[in-house]
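In this text the structure is predicted, and so the values were computed from the model without any measurement.
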Amino acid sequence: MLLTLAWGSLFFPGLFVLCTRWLRRARPEWTYHDCVMISTRVVSSAQAVLATGSGIVIIHTCRNVVSDRHWLAREYVWFLIPYMVYDTYAMYLSEWYRTTEQNCRYSLTIFRNFLSKNRLMITHHVVILLVLVPVTQLKQQHTLLYKVNGILTLTTFLSCRILLFPFMYWSYGQQQRLSLLQVPFRIPFYCNVANAFLIAPQIYWFSLLCKKAARLFDTPPAEKDG
């Protein structure tokens, strides 16, 4: 755990520094803000590739997605914690350089602008670090906090990954003065096909989450521990 945390603390900031320095030498005509922006995207892309690769390994290794456990799923959370801290600092650093290029050098003003523009992302990082990570790592399956976290997961997944599609159709219908049922017949066929391909796995994953939630709430603690 601590070794994984240490590797993450070295990897993400180190990649950011190396990329920024290389860009400063390779592209001297670029501003420091440009180099920082590119470097943050390189680090974010690296994290996305690692997360995707870890997910693929876990999916192909685990046979039962509800009950199976994989060491990579546990360790990657600790590897991700330094990234969340780094990403928050990188967003502030990018805002600082962008603002100073506009001749605004008041640190308090820059910090306020940073909080105002990135409040949602900062909240996301803080919740993951202070709530979701302890809940998932400490194996508190039978506590109220764990169950509340499960309910929030189901709610956000349903709202942001499934109900998003009918909302998208409804929004288009409002713009074109169509009812929700008329929209699928008034848009190109390939749009419906593409949306069907996108929502199908979301519904499948949501069903798996519901099954796990049902087991969590219906099974007695003694049986779950066994």
Side-chain angles (χ1 to χ4, degrees), residues 37 40-41 43-56 58-60 62 64-67 73 76-77 80 83-84 87-88 90-92 94-95 98 112-136 141 144-218:
M37 288 292 292
T40 56
R41 281 158 175 74
V43 177
S44 298
S45 299
Q47 197 284 129
V49 171
L50 291 173
T52 302
S54 300
I56 293 174
I58 294 169
I59 290 173
H60 284 279
C62 297
N64 190 325
V65 295
V66 176
S67 60
Y76 195 82
V77 172
L80 185 65
Y83 172 77
M84 294 294 180
D87 194 46
T88 302
M91 287 190 296
Y92 173 74
S94 177
E95 177 68 18
R98 186 192 66 82
R112 287 176 176 173
N113 291 337
F114 167 70
L115 292 179
S116 176
K117 294 180 179 179
N118 300 277
R119 62 168 67 94
L120 184 60
M121 185 63 70
I122 294 172
T123 303
H124 166 267
H125 286 12
V126 171
V127 169
I128 288 181
L129 290 175
L130 300 183
V131 179
L132 300 187
V133 170
V135 167
T136 55
Q141 289 90 340
L144 178 62
L145 180 60
Y146 190 91
K147 294 179 179 179
V148 170
N149 175 64
I151 294 173
L152 289 175
T153 301
L154 288 174
T155 303
T156 53
F157 195 100
L158 176 65
S159 302
C160 300
R161 292 200 176 192
I162 296 180
L163 296 182
L164 174 65
F165 288 88
F167 175 76
M168 179 174 59
Y169 277 60
W170 176 82
S171 298
Y172 179 83
Q174 291 294 306
Q175 183 178 359
Q176 301 296 325
R177 296 183 178 180
L178 300 172
S179 68
L180 179 61
L181 297 178
Q182 290 176 317
V183 172
F185 302 100
R186 299 293 184 89
I187 63 176
F189 177 72
Y190 65 84
C191 293
N192 292 317
V193 174
N195 287 328
F197 275 106
L198 289 173
I199 197 174
Q202 311 299 332
I203 294 176
Y204 172 70
W205 293 329
F206 183 70
S207 68
L208 296 179
L209 289 174
C210 291
K211 289 179 181 178
K212 186 172 183 179
R215 290 180 56 187
L216 178 66
F217 284 93
D218 294 343

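Taken to the nearest 0.5 Å, the CH2 atom of Trp170 stands 13.5 Å off from the CG atom of Leu163. Expressed to the nearest 0.5 Å, how far CD of Gln175 lies from OG of Ser171 amounts to 9.0 Å. Rounding to the nearest 0.5 angstrom, the gap separating the CG atom in Leu158 from the CG atom in Leu164 is 11.0 Å.
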Could you list the donor-acceptor pairs under 3.5 angstrom formed by side chains in residues 46-56, with sequence neighbours left out?
residue, atom, partner, partner atom, Å
Gln47, OE1, Tyr76, OH, 2.8
Thr52, OG1, Ala48, O, 2.8
Ser54, OG, Leu50, O, 2.8

Residues 182-200 side chain polar contacts: donor-acceptor under 3.5 Å, at least two apart:
residue, atom, partner, partner atom, Å
Gln182, OE1, Ser179, N, 3.0
Gln182, OE1, Ser179, OG, 3.3
Asn192, OD1, Tyr169, OH, 2.6
Asn192, ND2, Pro184, O, 2.8
Asn195, ND2, Tyr169, OH, 3.0
Asn195, ND2, Cys191, O, 3.1

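Applying the ring-ring contact (aromatic ring centres under 6.0 Å, His included) test to Tyr172 and every residue at least two apart in sequence or in another chain returns nothing.
When every heavy atom of Ala90 is checked against every heavy atom of Thr40, the shortest pair comes out as CB-CG2, 3.7 Å. Considering all non-hydrogen atoms of both residues, Leu154 and Cys210 come closest at CD2-N, 4.0 Å.
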